[in-house]
Amino acid sequence: MSSEMPKAYEPAEVEPRWYQYWMDHGVFRASTEGGDQRPTYVVSMPPPNVTGSLHMGHALFGTIQDVLVRHKRMQGYNALWQPGMDHAGIATQTVVERQLKRENLTRHDLGREAFIERVWKWKEESGGRILKQMQVLGCSADWDRLRFTMDPDLNRAVTEAFVRLYEEGLIYRDTRLVNWDVESRTVLSDLEVEQEEGVSGELYEFAYAVIDPEGDGAKELVVATTRPETMLGDTAVAVHPEDPRYQHLHGKKLRHPFVDREVPIVLDDILVDMEFGTGAVKVTPAHDFNDFATGKRHSLEEINIMNLDGTLNEQAGEFAGMERFAARKAVKKRLAELGLERGSRQHSMTLPRSQRSGTIVEPIISTQWFVKMEPLAKPALAAVRDGRTEIRPEEWVKTYNHWLENIQDWCISRQLWWGHQIPAWFCAKCDHVNVAREAPAACSKCQHTELRQDPDVLDTWFSSGLWPFSTLGWPEQTEALQRFYPSSDMETGYDILFFWVARMMMMGLHFMGDVPFRRVLLHGMVVDETGAKMSKVKGNTIDPLDLIHGADFKSVVAKASPGAPEAEALKKFQKAYPSTAKMGQGFEPYGGDALRMTLCSYSPQAKRIALSPKRFEGYRNFCNKVYNAVRYSLTHIESAQVTGEPPKATLLINRWILSRLGKTVEQSTRGIEDFRLDEGTQALYHFLWDELCDWYLEASKPVFSSGSDAEKTETRNTLAYVIEATLRALHPYMPFITEELWQRVPRPDDSPESIALCSYPTASVGPADEAAERDLETLQGAISAARTIRTEYQVHPGAKVPLALKSSDAAVRDLLSTQHVLIETLVKTDGPPQVQAPDAPRLAGSVVSVVGAVDVVVGLKGLVEASKESERIERGLKKLDKDVVSLQKRLENPKFLQNAPQEVVAEVREQLASLEAQRARLEDAKQLVAELEG
RNA sequence: GGGCGCAUAACUCAGCGGUAGAGUGCAACCUUCACACGGUUGAAGUCACAGGUUCAAAUCCUGUUGCGCCCACCA
């Protein structure tokens with residue numbers, strides 16, 4: 001069979017085949033059958049945006065969650081990985097509007113209904129693409145249960161939640177200052193506004209003329225602003241009540257230069273910092289959050305000067321109709337003409353930008369729907385505090401707490417068309433707001449029948465917040481809801497801790513009376529090799545599919561910097577990923593497994609996961625190693641008997657590998673359960689490569705070629721058993737290659753049809769055998785030492801050398817004699833090594849190395865120059881001296897003896913004794929060499 | 001203005017009280033019958049800096065410097 005297998009693993013040929021197989025066999029399906037007594041394990045997939053195509057962030061969460069889910073499934077859980085998609089209101093609408101723009105259309109040209117239809121059509125065409133792409137990664141979600149946030153039943157859940165919150169007084173309508181995105185023409189929640197720090201701006205000063213100044217008093221009051229155009233909405237200027245400069249202006253009014261308005265001077269010690277600027281602050285209640293509050297304190301008029309598209313309205317007098325930034329220039333120009341300009345200076349400031357459109361957000365006064373957050377936040381805080389939900393890594397708890405403790409009410413209405421329309425109807429006659437599950441026939445207040453539904457839709461995150469139960473059928477009490485709520489783990493990026501995780505906590509506790517998930521697992525952001533965020537602007541994005549299928553840099557770069565000249569794009573890309581300089585023409589087809597292993601190998605503690613493309617190569621090589629290890633094994637194990645029980649092992653190497661297997665599997669399980677996939681992957685990588693391949697397979701060769709029949713049988717069965725179990729242990733991380741190989745390998749008769757349905761090995765898969773591990777360590781030490789001597793003296797790798805091994809310990813000598821075949825093979829000696837007591841005469845022309853209890857003596861038959869050996873011995877002595885001195889120092893310290901734990905002291909004593917013995921033996925060797933030279 | 005995090009081998013990162021680790025890269029040798037996507041061996045680190053606690057500190061504490069992130073309505 002192995003002869004049919006190519007020499008190198010070809011993921012492209014293997015991976016799609018098995019995914020189809022899993023789908024055909026319903027491997028990923030969770031069970032809702034009444035008789036199913038298995039415990040459940042549930043993960044809700046963070047629903048990707050319908051607009052999106054797969055990026056590294058998806059690949060990361062897809063991989064991590066799949067590892068968790070596959071592991072639990074193998075452990076015998078009824079595992080549900082609930083997949084879905086998010087309609088992503090503002091993001092999707094923006095994308096479709098951009099498409100329309102290319103056709104010289106706006107959504108208003110189409111009208112609401114036609115526009116929404118268009119979005120649906122587009123969603124149907126390309127919406128599922130991202131999920132198909134996740135399948136390339138091997139994601140084992142229960143695709144039959146796929147949900148979309150705008151599905152009719154999820155829509156119903158949204159309506160239900162809204163109505164209930166409204167009836168409970170937790171949703172209300174209010175007119176206040178909100179964040180307005182003039183580009184998308186919608187209000188935004190605080191979270192959707194990003195603060196761009198350190199922007200270099202201008203602090204502009206101008207004067208208001210004082211009306212009826214006192215004889216010798218000031219004729220004007222100078223204010224400073226970064227947004228001069230807002231002065232058109234000024235309804236006061238504030239000074240500090242104790243500011244000595246302005247005492248004489250208390251109670252005075254100012255003349256607005258452009259509009260017919262008198263602007264009062266008010267006293268306010270909250271808004272005004274005497275030290276800053278001129279100590280006089282213009283107050284624009286309708287366009288600034290501080291000023292809004294100030295306006296409330298002084299009952300000032302709120303004058304809105306802006307249209308929803310960012311142009312100025314009729315309140316702006318001569319500036320009406322101008323775009324906001326044009327108006328800024330114009331206002332400055334006119335102020336200068338009027339002789340009111342009083343200078344300007346550079347000023348570092350923070351600009352609020354829309355997360356979606358990137359435009360600068362304008363505070364405007366508007367009537368919107370809000371959720372009262374404090375009553376919802378309290379239970380969410382308590383649930384984490386008392387451990388009903390655990391957040392990992394733990395450092396995020398503080399962030400979570402801080403946000404919830406200072407939470408502001410959540411503005412949930414959006415002036416968009418794509419989304420869940422708000423279930424509220426305004427009465428045309430009495431303006432009463434009717435909130436209801438269905439369109440009401442008449443106004444509940446006046447019985448008028450002409451009602452108009454609120455055209456606004458809900459913030460996308462409102463429906464996302466219901467995800468862990470809306471996907472299971474809520475508000476119906478479905479079987480699935482009973483069984484799969486709450487979820488076990490919520491795994492996602494920390495960037496949506498507030499947007500999503502915290503809101504699910506609040507909604508889940510409120511509507512379901514229980515936390516939505518037992519654990520929150522947060523991973524970091526995927527960034528480029530230099531640590532920079534991935535973006536088209538920086539040209540540093542990597543399409544995960546290019547890593548799986550392979551792509552030359554030309555096309556990688558074209559995708560990373562769309563439309564940019566190739567040379568420039570390549571330069572950007574290479575700057576972002578220095579390691580690609582040594583990677584030839586592009587990414588080779590590393591395969592889904594290699595990508596997954598690589599992503600798993602990053603510690604989740606890291607806030608930024610800096611992709612280093614070279615690393616993919618490393619894990620591709622690992623896949624190949626796994627493949628070849630099995631390919632080799634197959635030549636020996638086809639007739640092996642594999643049962644669920646570990647084979648009886650008597651040979652040292654078999655006992656050893658079983659012991660190592662058990663411990664490795666334990667580490668892998670712990671890694672997955674502790675959300676330390678990096679530790680799990682590392683343990684398995686090390687086991688397979690450094691232990692199974694480098695030692696066990698090599699050690700098995702002489703057994704198969706010249707062992708007794710009994711030895712061969714035992715080794716064959718052990719090898720087969722270890723291979724089969726190792727594949728199972730690797731399966732959650734590398735599903736494709738393990739399935740491919742597992743299907744070829746001898747396995748227990750009652751095995752299921754897929755490795756994905758096998759049990760995950762436990763520590764008892766290999767009985768721990770400390771004696772075997774210790775003995776093998778001794779052998780490894782001796783063999784490595786002999787190899788080192790060979791290399792150092794430049795003995796040709798093919799040449800065989802005489803070898804003597806000396807030890808004062810009879811048990812060790814016994815071990816060395818018994819394992820002579822192993823030693824002979826791995827060191828390449830000319831016949832069995834001579835095992836001797838320390839006082840045996842030394843091999844002629846030989847070199848000595850001391851490792852632990854063994855003196856390794858390699859005969860070099862005149863290849864050696866004695867001087868070279870003295871050099872080597874001197875080096876060895878020097879190192880030993882250093883170590884001995886440091887240990888002695890510790891043992892001479894009375895405080896150490898007194899305070900350190902007994903076992904530490906004993907250990908140090910032991911080490912010292914061993915080092916001193918080694919030293920003595922090296923001294924002897926030195927003596928000998930000196931004699932030879934003399 | 002608050003809060004959090006990071007500084008360990010050329011690079012990317014683990015380790016977080018008991019004598020410095022991995023992968024990649026680098027050097028030498030080897031086409032040995034699973035694998036050159038390989039094997040053997042090796043070189044390479046005052047664990048950012050300065051204090052402190054401790055018998056013992058990369059690891060705990062304090063401060064400094066340099067990065068990064070989050071929150072906050074400073075004209």
Side-chain angles (χ1 to χ4, degrees), chain A residues 2 5 7-9 177 190 195 203 223-227 230 238 271-273 276-284 288-293 347 349-350 352 363 395-396 398-399 402-403 406 494-495 497-498 525 527 529 531 578-579 582 588 590 594 598 601-603 605-612 614-615 617-636 676 678-679 682 685-686 693-694 697-698 701 705 784 787-792 794-798 826 828 882-883 886-887 890 893-901 903-905 907-908 911:
Chain A
S2 63
M5 297 170 71
K7 269 175 84 166
Y9 177 59
L177 206 57
D190 296 343
Q195 306 292 337
L203 191 59
V223 295
T225 180
T226 53
R227 296 187 293 157
T230 60
L271 180 70
V272 181
D273 173 4
F276 190 92
T278 60
V281 186
K282 60 188 275 308
V283 182
T284 324
D288 182 281
F289 288 95
N290 281 317
D291 294 3
F292 183 77
H347 178 63
M349 57 184 195
T350 308
E395 67 196 63
W396 289 106
K398 278 184 207 161
T399 310
H402 183 261
W403 188 70
N406 297 285
Y494 69 78
D495 56 329
L497 178 61
F498 305 146
M525 298 295 110
V527 295
E529 200 166 0
S579 77
K582 287 176 184 160
E588 288 170 54
Y590 303 127
T598 309
S601 72
Y602 287 91
S603 165
Q605 318 286 77
K607 277 196 177 177
R608 34 187 55 234
I609 293 173
L611 284 191
S612 152
K614 259 281 168 194
R615 207 150 152 169
E617 259 180 35
Y619 284 100
R620 184 272 314 264
N621 296 351
F622 179 66
C623 290
N624 192 241
K625 193 74 181 177
V626 173
Y627 172 80
N628 273 292
V630 174
R631 194 163 73 98
Y632 160 77
S633 300
L634 278 171
T635 62
H636 295 290
R676 287 303 302 261
D678 57 323
E679 292 180 353
Q682 208 195 341
Y685 183 104
H686 174 250
C693 290
D694 288 352
L697 291 187
E698 293 309 319
K701 287 174 184 176
S705 64
S784 295
R787 283 167 165 177
T788 302
I789 292 169
R790 287 186 61 121
T791 307
E792 279 199 353
Q794 294 171 9
V795 177
H796 189 275
L826 297 186
K828 284 226 172 84
K882 208 180 122 204
D883 294 349
S886 103
L887 289 176
R890 290 171 72 180
N893 185 342
K895 285 183 180 170
F896 171 70
L897 295 174
Q898 206 168 25
N899 298 333
E903 58 270 25
V904 173
V905 176
E907 202 181 305
V908 171
Q911 278 174 7

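Values reported hereafter were calculated over all heavy atoms of this structure, with side chains retained and with hydrogens, waters and symmetry mates removed. Letters A, B, ... mirror the listed sequences (proteins, then strands); counts begin at 1. Everything numeric in this text was worked out from a predicted model, so none of it was measured.
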Can you check nucleotides 54-56 of chain B for protein contacts, nitrogen or oxygen pairs under 3.5 Å, and list what you find?
from	atom 1	to	atom 2	distance (Å)
C55(B)	OP1	Asn899(A)	ND2	2.9
C55(B)	O2'	Asn893(A)	ND2	2.6

Pairs: protein N or O with nucleotides 11-14 of chain B N or O, under 3.5 Å:
from	atom 1	to	atom 2	distance (Å)
A14(B)	O3'	Arg676(A)	NH2	3.4

Pull out every protein N or O sitting under 3.5 Å from an N or O of nucleotides 35-38 of chain B, one pair per line with the distance.
from	atom 1	to	atom 2	distance (Å)
C35(B)	O4'	Asn628(A)	OD1	3.1
C35(B)	O4'	Asn628(A)	ND2	3.4
C35(B)	O2'	Asn624(A)	OD1	3.0
C35(B)	O2	Lys625(A)	NZ	2.9
C35(B)	N3	Lys625(A)	NZ	2.9
C37(B)	O4'	Asn621(A)	OD1	2.9
C37(B)	O2'	Asn624(A)	OD1	3.0
C37(B)	O2	Arg620(A)	NE	3.2
G38(B)	OP1	Asn621(A)	ND2	3.2
G38(B)	O3'	Lys625(A)	NZ	3.1

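Taking Ser784(A) as the reference, Trp695(A) meet the side-chain contact (heavy atoms from CB on, under 4.5 Å) condition, with sequence neighbours excluded. With sequence neighbours left out, the side chain to side chain donor-acceptor pair (under 3.5 Å) criterion links Arg790(A) to no other residue. Looking at residues two or more places apart in sequence or on another chain, you find a side-chain contact (heavy atoms from CB on, under 4.5 Å) between Glu698(A) and Lys701(A), Leu826(A). Partners of Arg608(A) under the side-chain contact (heavy atoms from CB on, under 4.5 Å) rule, at least two apart in sequence or in another chain, are Val527(A). Scanning for side chain to side chain donor-acceptor pair (under 3.5 Å) contacts around Asp190(A) gives Asn179(A), with sequence neighbours left out. Legend: residues meeting side chain to side chain donor-acceptor pair (under 3.5 Å) with Lys828(A), ordered by chain and number and at least two apart, are absent. Considering only residues two or more places apart in sequence or on other chains, Thr278(A) meets the side-chain contact (heavy atoms from CB on, under 4.5 Å) condition with Glu205(A), Val222(A), Tyr246(A), Ala280(A). Applying the side chain to side chain donor-acceptor pair (under 3.5 Å) test to Gln195(A) and every residue at least two apart in sequence or in another chain returns nothing.
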- Query: Dot-bracket, RNA chain B: Watson-Crick or G-U, under 3.5 angstrom, [ ] crossing, | other strand?
  - Reply: ((((((((.[[[[.)..(..]]]].(((((.......))))).....[[[[[..)....]]]]])))))))....
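Between Tyr619(A) atom OH and U24(B) atom P the separation is 9 Å, expressed in whole Å. Put simply, NZ on Lys614(A) is 14 Å from C1' on A10(B), counting in whole angstrom units. Straight-line distance from the CZ atom of Arg787(A) to the C1' atom of U41(B): 10 Å, rounded to whole Å.
Look at His686(A) and you won't find any side-chain N or O under 4.0 angstrom from OP1 or OP2 of A22(B).
Using atom C1' as the reference point in both C37(B) and G23(B), the two lie 15 Å apart (nearest Å).
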